[in-house]
Amino acid sequence: MPDVCTLDRLTYNLEEYERLLQSLLDDGFTFTDFSTVDTDEIVLRHDVDLSPTTALEMARIEATLGVESTYCFLLTTPIYNLLEVEHMRALQEIETLGHDVALHFNTHHYWDGPPELDELTTKVRSECDVIGQLTDSTVDTVSFHRPPKWVLDIDFDGFENTYQPQYFSEIGYLSDSNQKWQHEPPFPDGRPDRLQLLVHPGLWGPTERELDDIVTDLASDCYEHVDRYLEALGV
């Protein structure tokens with residue numbers, strides 16, 4: 001089987017993302033969900049920190065390639081509101097395309113340190129239920145936002161933790177955080193036989209942009225959104 005580590009540094013545009021996926025398919029990988037990850041399988045996860053719209057664009061690309069992935073959405077963020085019609089439709093279309101919709105849970109929104117286990121489980125399950133109501137499905141998979149050490153390599157009762165051992169320490173784990181694949185190949189040490197691959201949609205786009213520019217444009221869009229809202233109120 002060819003080795004995908006021959007991929008060089010990547011530009012963070014959607015065409016390049018499609019090339020990455022195709023290279024993995026050409027290497028004989030198949031894509032799976034958060035249940036079991038067997039040899040030559042990848043569980044592909046997206047933490048949607050910034051852009052449900054770009055997440056939908058990625059989901060469409062994946063669907064054309066027959067790739068299954070899991071999209072984890074935040075409920076506690078000032079960046080986007082899943083109850084807005086545009087974002088709700090994106091959420092629903094992603095699921096219709098055959099992908100799993102899951103929760104991106106921000107422990108830092110509630111606690112500075114580790115809470116009691118029952119309290120954590122209750123908060124997580126309540127947010128899972130909200131996502132489930134939006135998609136008319138049961139949500140049991142949870143990705144922790146900026147994960148604290150006390151959620152790593154832990155099996156929780158009541159939900160599937162994307163950082164539990166079978167998806168994290170017992171298989172390969174790679175992430176595109178901070179656009180690091182601009183400066184190094186995604187698989188510098190060769191590809192593992194089993195892998196969780198984390199890709200953040202907000203870091204990608206139709207054309208490559210630096211992270212500082214993405215954040216600046218996002219802040220501008222948020223300001224304009226608030227201004228339009230206030231203007232409609234006559235404020």
Side-chain angles (χ1 to χ4, degrees), residues 14 17-18 21 24 30-37 41-107 109-110 120-147 151 155-164 166-168 173 175-177 195-205 218:
L14 293 175
Y17 177 64
E18 184 173 359
L21 293 179
L24 292 166
T30 56
F31 290 79
T32 187
D33 57 11
F34 283 92
S35 54
T36 59
V37 187
E41 285 190 334
I42 295 173
V43 57
L44 175 58
R45 168 179 133 224
H46 298 287
D47 286 350
V48 186
D49 296 322
L50 303 178
S51 176
T53 303
T54 307
L56 176 57
E57 293 180 49
M58 280 193 161
R60 289 168 175 165
I61 290 170
E62 292 161 355
T64 63
L65 296 175
V67 168
E68 175 186 4
S69 62
T70 299
Y71 284 83
C72 305
F73 288 88
L74 284 163
L75 285 177
T76 53
T77 175
I79 302 299
Y80 62 81
N81 178 359
L82 288 181
L83 293 178
E84 291 185 0
V85 172
E86 177 187 9
H87 296 153
M88 191 183 301
R89 287 175 177 168
L91 192 76
Q92 293 167 347
E93 184 177 340
I94 286 170
E95 189 172 59
T96 299
L97 288 168
H99 306 297
D100 288 336
V101 170
L103 173 66
H104 197 27
F105 186 82
N106 185 5
T107 62
H109 180 78
Y110 298 106
L120 172 68
T121 302
T122 297
K123 288 289 188 185
V124 168
R125 284 299 335 158
S126 65
E127 290 200 11
C128 282
D129 290 344
V130 173
I131 299 284
Q133 288 174 4
L134 295 176
T135 58
D136 194 24
S137 62
T138 300
V139 174
D140 291 317
T141 301
V142 178
S143 163
F144 287 95
H145 181 60
R146 294 187 292 121
V151 305
D155 285 296
F156 292 101
D157 290 332
F159 60 91
E160 202 82 353
N161 175 15
T162 63
Y163 291 103
Q164 66 196 52
Q166 71 188 83
Y167 308 125
F168 186 59
Y173 180 88
S175 170
D176 70 340
S177 299
L195 172 67
Q196 181 182 166
L197 182 63
L198 170 58
V199 175
H200 298 81
L203 303 181
W204 301 70
L218 183 62

### Query
Centroid-to-centroid, F34 to F159, below 6.0 Å?
no
### Task
Look up atom CG in L198 and atom OG1 in T70, then write down how far apart they are to the nearest 0.5 Å.
11.0 Å
### Query
Under 3.5 Å, is there a donor-acceptor pair between the side chain of Q196 and the main chain of T162?
yes
### Task
Spell out, as yes or no, whether a donor-acceptor pair under 3.5 Å connects the side chain of Y110 to the backbone of L120.
no
### Message
Does any part of the side chain of R60, heavy atoms only, come nearer than 4.5 Å to the side chain of T64, both counted from C-beta?
### Response
no
### Task
Look at the aromatic rings of F144 and F156 and report parallel, tilted or perpendicular, splitting at 30° and 60°.
tilted
### Message
Tell me the closest heavy-atom pair linking L103 and V139, and the distance in Å.
### Response
N-CG1, 4.0 Å
### Message
Between D47 and D49 (side chain of the first, backbone of the second, donor and acceptor by atom type, cut-off under 3.5 Å), is there such a pair?
### Response
no
### Query
Counting distance only, does the side-chain N/O of H145 pair as donor-acceptor with the main-chain N or O of H104 below 3.5 Å?
no
### Message
Would L21 and L44 count as a side-chain contact (heavy atoms from CB on, under 4.5 Å) here? Give the steps.
### Response
CA-CA 10 Å; L21 293 179; L44 175 58; 4.1 Å; yes
### From I131 atom CD1 to T138 atom OG1, the distance as rounded to the nearest 0.5 Å
13.0 Å
### OG-CG distance between S51 and L218, expressed to the nearest 0.5 angstrom
8.0 Å
### Query
Please walk me through it: do D100 and E68 pass side-chain contact (heavy atoms from CB on, under 4.5 Å)?
CA-CA 8 Å; D100 288 336; E68 175 186 4; 3.9 Å; yes
### Task
Examine distances only and state if a side-chain atom of N161 and a backbone atom of V151 form a donor-acceptor pair shorter than 3.5 Å.
yes
### Task
Report yes if some heavy atom in the side chain of L82 is under 4.5 Å from a heavy atom in the side chain of V130; otherwise report no.
no
### Task
Check each of H200, H99, H87 against Y71 using the ring pair (Phe, Tyr, Trp, His ring centres under 6.0 Å) test, and report the only one that passes.
H99
#### Entry: Euclidean distance, T54 OG1 relative to L203 CG, rounded to 0.5 Å
9.5 Å
## Note on the structure
Separation between OH (Y80) and CG (L50), nearest 0.5 Å, reads 8.5 Å
### Query
Would V67 and L24 satisfy side-chain contact (heavy atoms from CB on, under 4.5 Å), going step by step from the backbone distance to the final call?
CA-CA 10 Å; V67 168; L24 292 166; over 6 Å; no
## Note on the structure
Smallest heavy-atom separation, V142 atom then C128 atom, equals CG2-SG, 3.7 Å
### Task
Quick one: closest heavy-atom pair of R45 and C72, and the distance?
CG-SG, 4.1 Å
### Query
Any donor-acceptor pair under 3.5 Å linking the side chain of R125 with the backbone of G158?
yes
### Message
Would you compute the distance between atom OG1 of T32 and atom CG of L195 and round it to the nearest 0.5 angstrom?
### Response
12.0 Å
### Task
Please confirm whether the backbone N or O of A55 pairs with a side-chain atom of H46, one donor and one acceptor, at under 3.5 Å?
no
### Task
Report the C-alpha distance between I94 and F73 in whole Å, list the side-chain angles of each, state the deciding distance to 0.1 Å, and finish with yes or no for side-chain contact (heavy atoms from CB on, under 4.5 Å).
CA-CA 11 Å; I94 286 170; F73 288 88; 3.7 Å; yes
### Task
Heavy atoms only: give me the nearest E95-T135 pair and the separation to one decimal.
OE1-O, 3.0 Å
### Query
Can you tell me if Y17 and E57 form a side-chain donor-acceptor pair at under 3.5 Å?
no
### Query
Judged by atom type as modelled, is there a donor-acceptor pair below 3.5 Å linking the side chain of E41 to the main-chain atoms of D33?
no
### Query
Can you check whether L83 reaches M88 side chain to side chain, under 4.5 Å on heavy atoms?
yes
### Query
Between R146 and N106, which heavy-atom pair has the shortest distance, and what is it?
NH2-OD1, 4.4 Å
### Task
Please name the pair of heavy atoms, one in V37 and one in Y167, separated by the smallest distance, quoted to 0.1 Å.
CG2-CD2, 4.0 Å
### Query
Can you tell me if CG on D155 sees more than 12 non-hydrogen neighbours from other groups inside 6.0 Å?
yes
